[in-house]
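Taking it in order: structure first as structure tokens, then the write-up.
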Amino acid sequence: QFLLSFVGGVWADRYDRKKLIIAADAGIALITLAVFGILSCDDLERGSLGILLLMSGLRSVGAGIQTPAVSAVIPSVVPGPYLMRYNGIYGALQSVVQFAAPAAAGVLLSFLSLRMALLVDVVTAILGIILLAGIPIPRQENSVEREGFFTELQAGIAYSRSNNRIGRVLAIYGMFVLLCVPGGFLAGLFVNRIYGETYWYLTVTELAGFAGMTAGGILMGIWGGFQGQTGEKRVCGREKTLAVGLICFGLLSAGMGMAWAFPIYLLLMGFYGVALTTVQTAATVLLQENTEAWMQGRVLGLMQ
């Protein structure tokens with residue numbers, strides 16, 4: 001995914017972004033449809049696990065190419081003053097999907113075979129492509145001539161380093177992602193060791209985190225962060241939102257490590273999710289607003 005985000009970023013600057021997103025979605029759907037045709041109608045035969053793993057790998061190729069294109073196309077359809085609100089709502093929807101998808105899959109697989117569930121995925125992909133095809137998205141203008149792939153890749157990295165604001169945001173966000181690991185990705189291990197090894201504790205911990213991230217997206221969608229009407233004042237408002245989110249994130253992370261009771265830990269986990277979404281939203285908007293349109297794919301791919 002790391003390397004594919006670079007590839008997707010270059011392609012998002014090189015080709016029409018709307019067509020690229022549709023092509024990636026169509027490719028994912030075709031791969032899934034092919035696996036639907038290969039798998040046995042009744043049971044998973046020997047070797048099917050390898051096919052499913054290959055399918056997951058190939059689908060991740062499409063996702064890696066698609067993600068920077070989606071992030072880069074947003075500023076061309078959303079007016080600047082509403083970018084923070086839009087990205088907040090987008091983040092909230094992503095959190096809801098991450099939370100609901102496993103439950104929905106469990107319900108689906110209780111009524112359908114795995115093979116038929118794959119067909120449902122194909123149908124929803126087709127519906128998504130139809131919806132996107134009906135949205136008018138202006139094609140980005142390239143101010144430089146198209147060069148070799150690796151040359152354009154290096155140009156994206158050089159551009160990020162030469163722009164102080166973009167380089168600073170990327171560096172801060174990279175450190176932020178690294179420091180998310182203890183509080184987020186290792187939360188299950190922490191709860192297991194400190195509060196007890198029960199499925200209930202692990203489940204409500206995940207629920208608290210997703211609920212906080214969803215609430216954070218809704219908050220950003222309604223509030224929109226610290227506001228400035230135009231130009232530099234608006235950028236300062238975005239940076240202030242990012243700074244407040246980072247401070248809250250750090251304090252909440254420390255508090256989670258020192259919580260003496262599980263309910264207090266859950267409460268802090270919920271607010272931790274709010275701060276997490278605030279930082280992600282503010283960093284994304286800063287990059288979208290301060291990067292020239294012909295370079296947005298590569299910069300946002302670097303962020304991914």
Side-chain angles (χ1 to χ4, degrees), residues 1-25 27-28 59-98 128-129 131-132 135-142 152-153 155-157 159-160 163 165-174 176-177 213 216-217 220-221 224-225 235 238 241-242 245 276-304:
Q1 286 280 5
F2 174 75
L3 295 175
L4 287 170
S5 294
F6 280 113
V7 174
V10 173
W11 285 359
D13 292 334
R14 180 182 281 192
Y15 305 113
D16 183 270
R17 289 166 184 166
K18 179 177 178 179
K19 292 180 180 178
L20 186 63
I21 296 169
I22 291 175
D25 266 341
I28 292 172
R59 283 169 61 95
S60 73
V61 172
I65 293 172
Q66 181 193 60
T67 303
V70 172
S71 298
V73 85
I74 289 172
S76 64
V77 295
V78 179
Y82 301 100
L83 264 178
M84 189 76 83
R85 289 190 171 93
Y86 175 89
N87 279 283
I89 295 170
Y90 182 64
L93 290 174
Q94 283 186 314
S95 298
V96 170
V97 168
Q98 289 175 350
I129 290 172
L131 289 172
L132 179 60
I135 300 175
I137 298 176
R139 184 186 177 96
Q140 75 273 12
E141 295 183 4
N142 294 328
E152 292 187 31
L153 186 62
I157 297 173
Y159 178 89
S160 301
N163 187 308
R165 177 167 283 146
I166 292 174
R168 185 168 64 246
V169 172
L170 286 172
I172 291 172
Y173 187 75
F176 166 76
V177 171
M213 291 171 67
M220 297 307 297
V235 173
R238 311 298 197 211
T241 304
L242 177 61
L276 181 69
T277 304
T278 300
V279 172
Q280 291 176 330
T281 303
T284 301
V285 173
L286 277 168
L287 293 179
Q288 288 173 335
E289 287 187 329
N290 291 282
T291 306
E292 295 174 89
W294 55 274
M295 188 59 76
Q296 284 176 343
R298 276 165 281 188
V299 170
L300 292 165
L302 187 59
M303 180 184 182
Q304 297 297 326

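Bear in mind that the values here come from a model prediction, so they are computed numbers and not experimental data.
- To the nearest 0.5 angstrom, L302 atom CG is 6.5 Å from I157 atom CD1.
- Remark: V96 engages T214 in a side-chain contact (heavy atoms from CB on, under 4.5 Å) (not counting sequence neighbours).
- Across L287 and L170, no two heavy atoms sit closer than the pair CD1-CD2, 3.7 Å.
- The main-chain N or O of G221 is never found under 3.5 Å from a side-chain atom of Y86 such that the two would form a donor-acceptor pair.
- Every residue was checked against the side chain to side chain donor-acceptor pair (under 3.5 Å) condition with Q98, not counting sequence neighbours, and none meets it.
- Here the side chains of R298 and T291 are not in contact, with every heavy-atom distance at 4.5 Å or above.
- Take E289 and apply the side-chain contact (heavy atoms from CB on, under 4.5 Å) test, not counting sequence neighbours, and it matches L83, R234, R238, V285.
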Test log, rule side chain to side chain contact (heavy atoms under 4.5 Å, CB included), inputs E292 and Y159: CA-CA 10 Å; E292 295 174 89; Y159 178 89; 3.5 Å; yes
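- Residues that satisfy the ring pair (Phe, Tyr, Trp, His ring centres under 6.0 Å) test with F176, not counting sequence neighbours, are Y173, F249.
- In this structure, L131 has no side-chain contact (heavy atoms from CB on, under 4.5 Å) partners at least two apart in sequence or on a different chain.
- Of the possible donor and acceptor atoms, one in the side chain of K18 sits under 3.5 Å from a partner among the backbone N and O of I135.
- Residues satisfying the side chain to side chain donor-acceptor pair (under 3.5 Å) criterion with D25, sequence neighbours excluded, are Q66.
- Between atom CE of residue M220 and atom OG1 of residue T281 there is a gap of 5.5 Å, rounded to the nearest 0.5 Å.
- The CD1 atom of I89 sits 7.5 Å away from atom CG of L93, with the distance rounded to the nearest 0.5 Å.
- With sequence neighbours excluded, no residue forms a side-chain contact (heavy atoms from CB on, under 4.5 Å) with P136.
- Remark: I21 CD1 to Y15 OH distance equals 15.5 Å, nearest 0.5 Å.
- Scored by the side chain to side chain donor-acceptor pair (under 3.5 Å) test, Q296 finds no partners at all (sequence neighbours excluded).
- Applying the salt bridge (charged side-chain N to carboxylate O under 4.0 Å, His left out) definition to pairs two or more places apart or across chains, none involves residues 68-77.
- Listed by chain and number, the residues in a salt bridge (charged side-chain N to carboxylate O under 4.0 Å, His left out) with R168 are E239 (sequence neighbours excluded).
- Remark: the backbone N or O of G156 is paired with a side-chain donor or acceptor of S160 at under 3.5 angstrom.
- The side chain to side chain donor-acceptor pair (under 3.5 Å) test applied to Q280 returns no partner, not counting sequence neighbours.
- One N or O on the side chain of T277 and one on the backbone of M213 form a donor-acceptor pair closer than 3.5 Å.
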